[in-house]
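Only one structure is covered here, and it is reproduced in the block below.
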There are 2 protein chains.
Amino acid sequence: MKPSKVLMSDVAKAAGVARVTVSRVLSDPDSVAPATRAVVQEAVARLGYVPNLNAGTLASSRSRIVGAIVPTLSNAWFADTMDGLSKVLGAAGYQLLLGQTGYDADAEEKLVDAFLGRRVDAMVLTGTTHTAGVRTKLQKAGIPTAECWDLCDDPIDMVVGFSNEAAGEAVAVHLLAQGRRRFGFLGADEDRARKRLQGYRAAIARAGAGEVTTHSAAPPTSIDDGAAGLAQLLTVEPRLQAVFCSNDTLAMGALLECRRRGLAVPGDLSVVGFSDLPVAAACVPPLTTVRIASRELGERVGQLLARRMRREPDEVPRIHDLGFTLAVRESG
Amino acid sequence: MKPSKVLMSDVAKAAGVARVTVSRVLSDPDSVAPATRAVVQEAVARLGYVPNLNAGTLASSRSRIVGAIVPTLSNAWFADTMDGLSKVLGAAGYQLLLGQTGYDADAEEKLVDAFLGRRVDAMVLTGTTHTAGVRTKLQKAGIPTAECWDLCDDPIDMVVGFSNEAAGEAVAVHLLAQGRRRFGFLGADEDRARKRLQGYRAAIARAGAGEVTTHSAAPPTSIDDGAAGLAQLLTVEPRLQAVFCSNDTLAMGALLECRRRGLAVPGDLSVVGFSDLPVAAACVPPLTTVRIASRELGERVGQLLARRMRREPDEVPRIHDLGFTLAVRESG
DNA sequence: CTGAAAGCGCTAACAA
DNA sequence: TTGTTAGCGCTTTCAG
């Protein structure tokens, strides 16, 4: 058959021990006498034994797999989060089963079903908005679950992120302090972007600076969406003084459009992005943006989940606010 | 226990049929009489039955999981490939188990072991250089395997990519045609970048244009590596006329450094990148680069693997050259 | 089209 | 420390 069909019983026979002993050498070497252990390890190596982890999972109901669901890997920020998560989990002996929703809530629920069917030991979701089914299923599965890239009061289990509203507010406050009065918002049509807009709008309203001209594009958004979006915004409000883009990709498009039109940034228009991609600092002019530590976010999720899966007695807090910082550069 | 403990036998009982019948309804509905099928489906829904896929895998030795290994997800090009792969596989009913090597060949072998232990139905590797163990294990596992992002004559099973040497040559030819004579290369210290350099260097040598000044940085490379690298190159060869960077990130750094030094691009120096990230076109000046269809590459791998896993009689070719194109913009 | 029997390969208890 | 005895929950034959 497939992989040379070496079974644990073959190793046991070769080593002159029982199967359990082989199993122990593999999963908890210290529980076996050094001499026995050596014999078994030699047999494992000599026969090229590859344990069937599915059988192990079935018997122990622990899979050592963590399921993670993101809208798309094409956005560098989610990819970075998965990079950090995968690195930490890998080091802790877990594997990553990854799914993409394409920003579709029903797709998310299907993935949750499939992952739960694999008996994943933990789950990672993006955002805090899910179908009712996702919530229920995950809750009754009773596995550690982390929602990330946002915050909420009542997570399924844990949330790890930052407040998108607060970030939007911070941008507005920054722009208002520069004396800007006519605001625009260029956003991806998705949940977290909408929250950023809420915060932004609220702070602007509070300052009595009037309406925010908005435009949104279907995610995943591109540089071209940003350019076209800004053009649209300027059609509606030619006197625009500042635009907050819900991600750096859109902001780069906006910058591009300004260059094409000969609009001075930040002279005529302030442009602010979100997430602080590495390119943000290399843009012309360097992009002011909200810095989110995407990779660290993933690492943090990995550490928290690993702790929970170890089932140690320590209580792990449910809400983890990692915050954000405004990276003020030249564009706004 | 965990998920409400609804077993297939419970569903069978509720529906008044045998377990096999439930199994059939789930895996091959058409093999069951419509009436029976309906009863079973109703019971499945009513009880909220979630099949344990691990048990299924153990019994059938088909996991419906594909393992994929990339150096890192932090590089947009690999993330895009995984995005495409995951999308296609998901649609075909497969799940993606993802691992990162951090450009470490031994890490790759460990991941292969772990994935094989899960009895993945297929494997995807990045590049064509692997430890001997990886090759042997995958071959004797006998599962469809795709190596990608490069080409070679003797793949483990299939290769899907393009010739990195040929791409390097094409860049050199393009630059030579512009009359450039003093060449530099800025590369990540990894296999595929080295192949690009080989092709580049060969074409330059063939044209009698002398030595290539090179500098390399440890991957994953950053924009800062690109800036520092160019500075280093200019120290060694101040009269540099053209620099080929092994990826767009490095090229963006080089562009940045030129701006800082007041070097005109392409007037004083041509800068060429690799992979054609979306930002390449938005750079100042727009970056000339080698376009690789990263996402399509992943989609293609997914389709090929799906075909092979279906075990249809059609022979699938082993070598798939997807090619590349030179995206000539203003930087070189 | 449906069912009965026989595992898939491993780990969890418990015993020795 | 090591071994024995039972399954984990499903799918595969093969009958009926």
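Computed over heavy atoms, backbone and side chain alike; hydrogens, waters and symmetry mates excluded. We name chains A, B, ... by the order of the sequence lines, and we start the count at 1 in each one.
With salt bridges taken as basic N to acidic carboxylate O contacts below 4.0 Å, none links B/Asp150 and B/Arg192. Using a cutoff of 4.0 Å between basic side-chain nitrogens and carboxylate oxygens, B/Arg135 and B/Asp154 are scored as salt-bridged. Classification of A/Asp83 and A/Lys87 as a salt-bridged pair holds, one side-chain N sitting under 4.0 Å from a carboxylate O.
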| request: With pairs defined as Watson-Crick or G-U wobble and both distances under 3.5 angstrom, please note down DNA chain C as a dot-bracket string, | for pairing with another strand. | output: |||||||||||.||||
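When the shell of 6.0 Å around CG of B/Asp153 is examined, it contains 12 or fewer heavy atoms from other residues, nucleotides or ligands.
Following rounding to the nearest Å, B/Asp30 (CG) and C/dT2 (C1') show an atom-to-atom distance of 16 Å. Atoms CZ (B/Arg118) and C1' (C/dC8) sit 17 Å apart, rounded to a whole Å.
For A/Thr21 and D/dT1, the shortest distance from a side-chain N or O to OP1 or OP2 is not below 4.0 Å.
The SG atom of B/Cys148 sits 12.5 Å away from atom CZ of B/Arg300, with the distance rounded to the nearest 0.5 Å.
Between B/His130 and B/Val112 the shortest side-chain heavy-atom distance does not fall below 4.5 Å.
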| Just by protein heavy atoms under 4.0 Å, how would nucleotides 7-16 of chain D read 5' to 3' in B, S and -? | BBBBBBB---
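Inspection of the A/Thr129 and A/Asp191 side chains reveals an N or O donor paired with an N or O acceptor under 3.5 Å.
For B/Ala18, the side-chain contact (heavy atoms from CB on, under 4.5 Å) partners are B/Val20, B/Thr21, not counting sequence neighbours.
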